[in-house]
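These notes are about the structure you will find just below.
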Amino acid sequence: MPVVTRIAPSPTGDPHVGTAYVALFNYAFAKRQGGRFVLRVEDTDRARYVAAAEARIIDVLRWLGLAPDEGPGIGGEHGPYRQSERLAIYREHVDRLLAEGHAYRAFETADELDAMRLEQQRRGIDPGYDGRGRGLDPVEQRRRADAGEPHVVRLRTPDEGHTTFHDLLRGDVSVPNAEIRDTVLLKSDGYPTYHLANVIDDHLMGVTHVVRAEEWVVSTPLHVLLYQAFDWTPPVFAHLPLLRNPDANKTKISKRKMDTSAESYRAQGILPEALVNFLATMGWSMPDGREVFTLEEFVAAFDLERVSLGGPVFDLKRLRNLNARYLREVLSLEAVAERVAPWLVERGHDPSDEDYLLDVVDVLRPRAETLAELAEQADYFYVERVSYDADARRRLAAGQSYLEDLEREFSRLEFFDDDAIDDLLHDYVQRQAVPLGKVLMPLRVALTGTSQAPAVVDLVAIMGRGRTLTRLGQALQAIQEGLPDDDPERLKAEAEAAAKAAAAKGKRRPPMPAERS
RNA sequence: GGCCCCUUCGACUAGCGGUUAGGUCACUACCCUUUCAAGGUAGCGGCACGAGUUCGAAUCUCGUAGGGGUCACCA
């Protein structure tokens, strides 16, 4: 029997990294076993439903390379794959449970249930549905339902004994039946709850392995009870550890405490390869200890039993570091250039000169952790003129005479290549008898507007004679117009403006160009 | 609080009875160096605790502690 796994997200908002994480492991397990990976949309909560969410989830899965074999908009033999389109199926199965006495209709109102909980709280007993509707005569249940009285359908659960299931990762897990309430299967709006829909769909869709997050462990016995009621064989269960916040207690990953949106990482210039690689190291490791590997390598080596159970903290620093490694080591120069190009366009640049782009990326990629940072630093290679911050102004003013000399020297330089530029610079400082840095820093600032930039020789060589001379001219003009380190008022105003601009920029949502579609 | 699960450096992890407890990120120092990075070298730092089993426990058992999850007509 072929392995079938599934990812069953609820379309309620931003595609969650936790969804991507569980999808990754389901995908890898299915592919490794030569099986199928199914996407099922659990849209049974009308209140939290977000129409656009489904498409965004599919988009994120594709971006990560985790395209499902079956799912809404994809097709497959077991559709429909949206639970809202399977209502008749649930209805039919609920009728069967009702007929066989495994379930009953309960007519308590929300107010009544609230009162019940309050009372339980007051008396200090465990809260939860107490089974008060169980005793109602089935004929009476039917009559009231037919009369249009609002009701839910609940599972009749045993009061004594234990229900046990086998978790592939933790062994047998046993829960006292007294802890398992007569849970709602069908809501009063006719929609199924997760518990009911998930069991029916997994069975009907032929899901062989339910690989999901740890938060489902305690409700799995309830699902087992449902499988028993239907007289179905349950699938194999494996519960993955929960991704955690980087807070002191390592609580379950949450939007409040960190960025949980997969799209957001994409928008920050995190590569899908890096995100997948990072997620794969959450609770899992390569047998040979490799830490950088592709999705294909992950699938080839994947083994559910290597999953470790301690909840892994989602550490941004590690993600960014991994992304940086992809940028400078894993991907080819051409590949990185291809990825950044849309980001440059987004910033208003024209990256169509491929050789220039390659040079720019080559020199910048050891200095950037994300595509966004790379693109941002590339600005000074593409803008018409750079602007100088306060520090840059000081350095320019200090180097005025050198810049004048260099402008002349560069304009006379016959072969404008790396070696020639290097020789020129060294000859010049020797003649002037000044330290190299004293000359190079003003030049660097003139070319880029900032003191933190690649090697000057690289900058000059990449920018070429034309750009170099233009920048030098602009810098000298700026100096003449009085860019003062002698005017504290003006410097202060500049600093404030820069701080304000930086703050505004930080707030703006970063662009997300289409890349690697 | 009841129930369930978990527990190796700050973080991610290797380890599955005998290891100087290994690697990666982060951090620190040094080297390289025209700045910033990158790179190189080194360092810091861990088996939660207590019993038991065993010739021998990070590895097996039990207990304690700590952490997490869950107790909805949400998934």
Side-chain angles (χ1 to χ4, degrees), chain A residues 8-12 42-45 47-48 83 106 108-110 113-114 117 124-129 150-154 167 169-170 173-176 178-181 183-195 197-198 212-221 239 241-242 244 246 248-252 278 281-292 306 308-322 324-325 328-329 363-369 377 395 425-426 429 435-441 443-445 448 450-457:
Chain A
S10 184
T12 52
E42 310 232 332
D43 57 348
T44 56
D45 185 343
R48 295 203 302 154
Q83 291 185 329
E108 294 82 17
T109 63
L113 295 176
D114 286 344
R117 276 185 214 102
I125 58 176
D126 288 351
Y129 186 71
H151 63 281
V152 299
V153 176
R154 289 180 182 271
D167 184 289
L169 302 172
R170 317 155 206 262
V173 176
S174 190
V175 171
E179 295 288 325
I180 306 174
R181 305 295 174 162
T183 310
V184 173
L185 301 178
L186 200 66
K187 301 183 251 185
S188 57
D189 63 4
Y191 279 70
T193 59
Y194 170 83
H195 305 294
N198 130 275
R212 78 237 294 190
E214 184 179 4
E215 57 193 328
W216 295 110
V217 167
V218 284
S219 51
T220 302
H239 292 91
L242 248 16
R244 307 297 181 88
N249 283 340
K250 304 187 182 178
T251 46
K252 170 166 104 169
F278 174 71
T281 63
M282 302 269 87
W284 196 84
S285 61
M286 274 285 185
D288 64 7
R290 252 179 309 161
E291 299 186 344
V292 178
R306 276 191 74 79
S308 61
L309 296 177
V313 171
F314 195 97
D315 182 358
L316 263 314
K317 281 191 176 159
R318 273 188 67 237
L319 207 211
R320 293 176 62 84
N321 174 275
L322 196 54
R325 286 170 75 167
R328 62 177 188 255
E329 292 169 17
V363 78
L364 249 26
R365 65 174 175 166
R367 295 173 168 77
E369 289 192 316
Q377 291 185 60
R395 293 180 187 279
L425 257 13
H426 279 90
V429 297
L436 200 53
K438 222 152 159 79
V439 173
L440 295 193
M441 191 49 93
L443 178 53
R444 170 178 294 113
V445 168
T448 67
T450 170
S451 61
Q452 300 183 1
V456 165
V457 174

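In this text the structure is predicted, and so the values were computed from the model without any measurement.
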Would you mind classifying the nucleic acid contact of [X] as base, sugar-phosphate or nothing, using non-hydrogen atoms under 4.0 angstrom?
| X | result |
| --- | --- |
| Ser451(A) | base |
| Ala106(A) | nothing |
| Arg365(A) | nothing |
| Arg395(A) | nothing |
| Arg181(A) | nothing |
| Arg170(A) | sugar-phosphate |
| Val152(A) | base |
| Ser308(A) | sugar-phosphate |
| Val456(A) | base |
| Gly310(A) | sugar-phosphate |
| Thr183(A) | nothing |
| Gly124(A) | nothing |

I want to confirm an ordering. Mapping Glu369(A) and Glu214(A) to their closest nucleotides on RNA chain B, which one lands closer to the 5' end?
Glu214(A)
Position toward the 5' end of RNA chain B (nearest nucleotide), Pro241(A) or Ser174(A)
Ser174(A)
N/O (side chain, Ser188(A)) to phosphate O (OP1/OP2, C73(B)) under 4.0 Å
no
Under-4.0 Å side-chain N/O to phosphate OP1/OP2 contact, Arg306(A) with C16(B)
no
When rounded to whole Å, the CG to P distance for the pair Leu316(A) and C25(B) reads 17 Å
